[in-house]
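Worksheet: one structure, shown below.
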2 protein chains.
Amino acid sequence: MAGKRSGAQSKRSQRTRSAEQPRHDPALSLERIVATAVELLDAHGIDGLTMRRLADHLGSGAMSLYWHVDNKEKVFDLALDSVLEYRELPETAQSRDWRGEVVHMLQDWRAGMLRHPWSASLLPRRALGPNILRRLELLSRTLSGAGVADADLNVAIWSLWNYVIGATVTRASFDLSDEDMAAAQQRLALVSEHYPTIERSRLLLDDDWDGAFRKGLDFLLDGLAPKY
Amino acid sequence: MAGKRSGAQSKRSQRTRSAEQPRHDPALSLERIVATAVELLDAHGIDGLTMRRLADHLGSGAMSLYWHVDNKEKVFDLALDSVLEYRELPETAQSRDWRGEVVHMLQDWRAGMLRHPWSASLLPRRALGPNILRRLELLSRTLSGAGVADADLNVAIWSLWNYVIGATVTRASFDLSDEDMAAAQQRLALVSEHYPTIERSRLLLDDDWDGAFRKGLDFLLDGLAPKY
DNA sequence: GAAGTTAATCGTACACCGTACCATCAATTA
DNA sequence: TAATTGATGGTACGGTGTACGATTAACTTC
């Protein structure tokens with residue numbers, strides 16, 4: 001099988017030879033493609049990204065994309081990963097306040113995905129991109145530095161990961177159109193009837209999502225590392 | 001706008017008048033449609049469900065489905081919700097061992113979704129179906145009965161929810177084809193190089209997902225309700 | 001009975017999708 | 001100059017969701 005440029009990451013790239021352009025310089029590039037894909041996803045949602053539309057916005061023909069990208073799935077992969085870049089806190093100053101670091105990174109994680117709600121719905125079906133791995137590595141290092149034993153690291157990381165992903169996916173699923181929101185409101189009427197405890201705790205009405213995320217995260221960290 | 005049978009839940013149904021058939025009895029029914037959709041999703045994954053194929057398996061024409069269902073999205077909604085039915089533990093015996101109850105229900109939740117991996121990837125974009133609400137109500141009631149104050153209930157529920165959803169979505173995303181698994185293995189080679197801490201803790205290699213889920217859940221419950 | 005209404009089914013058609021295949025052209029290399 | 005390669009894109013194919021309208025069978029009302 002294999003397309004024209006399958007295998008590793010294709011593209012020209014390193015080859016320090018000289019400061020010459022590859023050939024002319026190509027109209028398309030992976031970077032431009034991914035950036036435009038993210039724009040389209042932001043603007044029109046996950047179903048609003050089609051190869052033809054993407055090509056249009058890039059001023060090229062649809063099939064030209066396929067020289068740079070194996071298929072549409074890859075575009076999704078790249079778009080998702082591009083949203084998950086993370087710049088570390090400027091001054092780590094040697095592991096001081098590990099808890100603050102963890103909270104910061106996880107809040108940033110969530111915030112980054114919520115800025116692009118489609119990313120949450122993309123997540124379930126994709127493997128781990130490099131940026132996710134980088135975040136996991138960072139998290140591991142921080143927890144490890146805080147004294148968490150290697151044997152416990154696994155569970156700790158997964159717990160935090162699960163919490164963040166779940167929170168993000170959930171929050172994103174509530175970012176619905178006004179129409180859907182109206183339907184949801186309507187459903188809440190039924191809720192009060194059949195689900196009294198939910199009603200009493202105002203579970204679905206309280207919209208301080210960020211605060212709830214932070215609080216729950218604190219509880220989880222309490223449970224994970226009561227001794228540190 | 002509106003299709004022929006929009007509005008509430010359509011269908012004939014209650015009307016206790018007499019034990020007579022609605023008309024003849026229709027070849028199609030919401031129940032049959034949903035059940036078959038779940039079969040197809042189980043067998044061929046999320047992209048394997050098309051209206052035409054669904055109709056074929058039901059022995060009907062594709063457009064016939066649209067009398068019972070507004071559109072394909074609704075089929076997904078119904079399929080997802082149908083997977084999330086829950087039978088309570090037979091003998092609740094008045095709130096004894098609330099923690100055991102919570103763990104049971106959340107494990108069941110996760111297990112149910114993992115039995116139908118497509119359900120996890122469906123979740124992010126759908127609103128709360130009745131069965132999810134029922135589970136949330138149950139969870140609320142149990143925690144409330146265990147003494148959690150109404151003010152804290154909100155955060156507690158969301159934390160548990162987040163954890164379960166995240167764990168399920170993550171686990172499901174690793175249920176990939178053999179081919180994808182091979183690619184993942186290959187990526188692990190790079191991991192060892194660039195992500196030493198991940199490598200050391202064997203984060204991605206340890207596959208005792210169920211155990212990790214249980215342990216992390218315990219940690220979370222420890223943090224949530226240390227005093228109960 | 002007849003006539004009208006409604007529940008339910010489905011064939012056809014349309015716009016759009018991802019992408020295989022192949023032709024094309026510009027720049028580089030020989 | 002000729003050959004090679006990087007990069008682009010037109011056309012076409014098989015598939016999708018579903019709008020529209022025709023069709024039939026059962027029930028309701030006279």
Side-chain angles (χ1 to χ4, degrees), chain A residues 1-7 9-13 15 17-33 36-37 40-41 44-77 79, chain B residues 1-13 15 17-33 36-37 40-41 44-77 79 125:
Chain A
M1 301 302 126
K4 27 209 83 172
R5 260 298 73 83
S6 73
Q9 57 269 60
S10 73
K11 283 306 59 39
R12 101 222 38 101
S13 43
R15 174 191 42 153
R17 300 237 280 163
S18 138
E20 72 185 350
Q21 299 302 83
R23 254 164 202 280
H24 192 44
D25 47 10
L28 257 32
S29 72
L30 251 200
E31 291 75 24
R32 286 222 313 131
I33 291 175
T36 310
L40 280 179
L41 285 165
H44 303 106
I46 214 162
D47 295 327
L49 179 67
T50 72
M51 296 304 267
R52 278 177 244 255
R53 179 125 63 147
L54 181 51
D56 276 358
H57 276 245
L58 287 160
S60 76
M63 289 314 293
S64 308
L65 301 173
Y66 286 86
W67 198 91
H68 301 267
V69 143
D70 282 353
N71 48 42
K72 194 188 181 185
E73 292 279 285
K74 279 291 195 313
V75 177
F76 280 134
D77 285 345
Chain B
M1 304 300 129
K4 25 209 86 173
R5 258 299 73 83
S6 72
Q9 55 269 58
S10 72
K11 274 328 36 47
R12 100 221 38 103
S13 43
R15 177 191 40 152
R17 301 235 279 162
S18 137
E20 72 185 349
Q21 298 302 82
R23 252 163 204 280
H24 191 44
D25 47 7
L28 257 33
S29 72
L30 251 200
E31 292 75 23
R32 284 218 319 130
I33 290 176
T36 310
L40 280 178
L41 285 165
H44 303 106
I46 213 161
D47 296 326
L49 179 67
T50 71
M51 296 304 266
R52 278 177 245 257
R53 179 124 66 148
L54 181 51
D56 275 359
H57 276 244
L58 287 161
S60 76
M63 289 314 292
S64 307
L65 302 173
Y66 286 86
W67 199 91
H68 301 267
V69 144
D70 281 353
N71 48 41
K72 193 187 181 184
E73 294 280 285
K74 277 292 192 312
V75 177
F76 280 134
D77 285 346
R125 294 214 278 159

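By convention in this document, chain letters (A, B, ...) are assigned in the order of the sequence lines, proteins followed by strands, and residues within each chain are numbered from 1.
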Measure from CG on A:L30 to P on D:dG6 and round the result to the nearest Å. 16 Å
Supply the atom-to-atom distance B:R53 CZ to B:D56 CG, rounded to the nearest 0.5 angstrom. 9.0 Å
Any chance you could measure A:H68, atom NE2, to A:L58, atom CG, to the nearest 0.5 Å? 9.5 Å
Find the bend of the helix from C:dG1-D:dC30 to C:dA30-D:dT1 as the angle between its two terminal axes (five pairs each), to the nearest 10°. 10°
When rounded to the nearest 0.5 angstrom, what distance separates CZ in A:F76 from CG in A:L49? 5.0 Å
Determine the minimum heavy-atom distance between B:T50 and B:D47, stating which atoms define it. CG2-O, 4.3 Å
Could you state the interatomic distance from CG (A:L40) to NE2 (A:H57), rounded to the nearest 0.5 Å? 5.0 Å
Measure the distance from CD on A:E73 to C1' on C:dT19 and round it to the nearest whole Å. 13 Å
Nearest-neighbour nucleotide for the A:W67 side chain, D:dT16, C:dT9, D:dT8 considered: D:dT8
Distance in Å, B:R52 CZ paired with B:L54 CG, rounded so as to fall on 0.5 Å steps: 12.5 Å
Distance (rounded to the nearest 0.5 Å) between B:I33 CD1 and B:S64 OG: 9.0 Å
Among residues 47-65 of chain A, which contact DNA chain C at a heavy-atom distance under 4.0 Å? A:L49, A:T50, A:M51, A:R52, A:M63
D:dG17 C1' sits how many Å from B:D70 CG, rounded? 14 Å
Checking A:M51 now: which residues fulfil side-chain contact (heavy atoms from CB on, under 4.5 Å) with it, not counting sequence neighbours? A:L65, A:Y66, A:K72, A:V75
Would you tell me if any nitrogen or oxygen in the side chain of B:H68 comes within less than 4.0 Å of OP1 or OP2 on C:dA7? no
Between C:dC10 (P) and B:Y66 (OH): distance, integer Å: 15 Å
CZ of A:R32 versus C1' of D:dT8: gap in Å, rounded? 13 Å
